[in-house]
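Taking it in order: structure first as structure tokens, then the write-up.
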Amino acid sequence: MNAPLAVKPAMPVPRLQAASATAFASVGNVGVGFDILGHCLAGAGDRADVRRIDAPVVRMASIEGCVDVLPMDAAQNTAGAALMALRKALGLQHGFEISLHKGIALGSGMGGSAASCVAALVAANALLERPLSRESLYGFAVEGEAVASGGRHGDNVGPMLLGGLVLATRDRLVRIPVPPTWHCALVHPHAVLETRKARAALAGDYALGEFVAQSANLALVLAGCFRGDAELVREGLKDVLVEPRRAPLVPNFARVKQAAMDHKALGASISGAGPSVFGWFEHRTEAEAATAAMRSAFAEVGLDSDSFVSPVDGPASTLVPAADAGEHA
């Protein structure tokens, strides 16, 4: 009888030690969807380099880029807080080390704080033995975002996770279809408007009629997106609830908005908490023409600005090559 074959022990499954991800800027609220509607914007983004470490902690290794004065205490940093929540929920025995490369200015109304935590989550997720779905990362992203904004809302992190236009409720993310030809023009003046200050401007009483009108406008925008009907969006993309209360915080806002409308915008409003201003257009050429006029309106009050033109159906956060991502445990 032949001797039995020796059984070799199973080889360990290779495990990534490091991963990097980029999360792109976003337009929060989209005017009519305060705290629940947002879309991604190509052209600017944050990158997070995340390394798996043996110590059962989350720590910040470095922060560089257009913003370098951010908390190095992980619990006070949106990226760190998000990964701390991930570790706790999954009962992970290992930890993470995060290096942030900021490409989105804080206080810009472009989702800068949200981009850091989403990029870190997407990178860390790639290091898990059983990676989670993007929807399953949502709660951790909201928890991280709350560190900076003071509130739990998903209008920035939702679209960064899924891409495109997203309805982000407390527990659900719903991707809203948008015609590929529709573009967004966003102009970011070189000014800072802190989210907490912009939210403070919303304190006070509201008339029931304002809520009814805003609900109707949101419904028109969503219906227009699903049907690809630009005229429905044009009728509905009018913020009657939040914009009037925040407009005084954005220098020369009325002129900037009008510049977008003069170039056939379907609608225009404040991006997120501001001071950036965005407009939606049926075609890229209209969006590109509008940015020059919008920048000129900011220049009237002595503000330089940057402009971005992107499909409304913008890119989701994505893994990017990391120098040491090929190393294994």
Side-chain angles (χ1 to χ4, degrees), residues 24-34 37-44 104 108-111 155-156 159 164-166 176 178-191 193 198 214 217-218 220-222 224-225 228-244 246-247 249-301 303-315:
F24 298 92
S26 62
V27 174
N29 303 330
V30 194
V32 292
F34 180 70
L37 190 67
H39 72 85
C40 291
L41 188 77
I104 305 173
S108 63
M110 296 172 64
D155 57 323
N156 288 305
L165 179 67
V166 172
I176 308 299
V178 180
T181 58
W182 290 6
H183 278 68
C184 174
L186 181 142
V187 175
H188 166 227
H190 295 176
L193 177 53
Q214 190 84 336
N217 288 346
L218 174 60
L220 284 168
V221 169
L222 294 178
C225 289
D229 188 332
E231 291 311 308
L232 286 181
V233 174
R234 194 182 302 277
E235 184 176 348
L237 192 46
K238 301 168 184 174
D239 178 6
V240 300
L241 197 63
V242 175
E243 181 186 300
R246 283 182 168 171
L249 302 178
V250 180
N252 216 24
F253 171 72
R255 289 276 295 118
V256 178
K257 177 180 178 178
Q258 190 58 50
M261 300 305 297
D262 288 345
H263 286 79
K264 302 180 181 179
L266 300 178
S269 191
I270 301 167
S271 176
S276 294
V277 178
F278 80 95
W280 275 17
F281 300 82
E282 286 189 77
H283 305 287
R284 184 180 186 92
T285 53
E286 295 166 348
E288 290 174 340
T291 58
M294 295 165 71
R295 293 186 67 187
S296 293
F298 274 125
E300 290 173 1
V301 290
L303 285 175
D304 290 333
S305 59
D306 302 312
S307 62
F308 304 88
V309 174
S310 165
V312 174
D313 191 22

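Using a 3.5 Å distance cut-off with no hydrogens or angles, the side chains of His39 and Trp182 do not pair a donor with an acceptor.
Note that CG of Leu222 is 6.0 Å distant from CG of Leu37, once rounded to the nearest 0.5 Å. Between the CE atom in Met294 and the CE atom in Met261 there is a gap of 11.0 Å [rounded to 0.5 Å]. To the nearest 0.5 Å, atom OG of residue Ser26 and atom CG of residue Leu165 are 11.5 Å apart. With rounding to the nearest 0.5 angstrom, the CG atom of Asn29 is 11.0 Å from the CG atom of Leu218. Rounding to the nearest 0.5 angstrom, the gap separating the CD atom in Glu300 from the CZ atom in Arg255 is 4.0 Å. Between the CG atom of Asp239 and the CZ atom of Arg246 there is a distance of 9.0 Å, given to the nearest 0.5 Å.
Among residues two or more places apart in sequence or in another chain, the side-chain contact (heavy atoms from CB on, under 4.5 Å) test is passed with Ser271 by Val27, Leu186, Ser276, Phe278. Glu282 meets the salt bridge (charged side-chain N to carboxylate O under 4.0 Å, His left out) test with Arg234; sequence neighbours excluded. Under the salt bridge (charged side-chain N to carboxylate O under 4.0 Å, His left out) criterion, Glu235 pairs with no residue at all, not counting sequence neighbours. With sequence neighbours left out, the salt bridge (charged side-chain N to carboxylate O under 4.0 Å, His left out) criterion links Asp313 to Arg175.
Considering all non-hydrogen atoms of both residues, His183 and Pro311 come closest at CD2-N, 3.5 Å. Residues Ala191 and Pro275 approach most closely at O-CG, 3.5 Å, considering heavy atoms. Counting all heavy atoms, side chain and backbone alike, Ala297 lies closest to Asn252 at O-ND2, 2.6 Å. When all heavy atoms of Pro251 and Leu249 are compared, the pair lying nearest together is CD-O, 3.6 Å. Closest approach of Gly164 to Pro159, counting heavy atoms only: O-CB, 3.4 Å. When all heavy atoms are compared, the tightest approach of Asn217 to Gly236 is CB-O, 3.0 Å.
Using a 4.5 Å heavy-atom cutoff, the side chains of Trp280 and Val233 are in contact. Using a 4.5 Å cut-off on side-chain heavy atoms (C-beta onward), Val187 and Val277 make no contact.
The environment of CZ in Arg284 is crowded: more than 12 heavy-atom neighbours from other residues, nucleotides or ligands sit within 6.0 Å.
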Would you tabulate the side-chain donor-acceptor contacts of residues 262-269 under 3.5 Å, counting partners in other chains and residues two or more places apart, or write 'none'?
from   : atom 1 : to     : atom 2 : distance (Å)
Asp262 : OD1    : Gln258 : NE2    : 2.7
His263 : ND1    : Ala259 : O      : 2.9
Ser269 : OG     : Glu243 : OE1    : 2.7

Under 3.5 Å, which donor-acceptor pairs link side chains of residues 303-310 to any protein atom two or more places apart or in another chain?
from   : atom 1 : to     : atom 2 : distance (Å)
Ser305 : OG     : Arg295 : NE     : 3.1
Asp306 : OD1    : His190 : NE2    : 3.4
Asp306 : OD2    : His190 : NE2    : 3.1
Ser310 : OG     : Ala42  : N      : 3.0

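Remark: the backbone N or O of Leu232 is paired with a side-chain donor or acceptor of Asp229 at under 3.5 angstrom.
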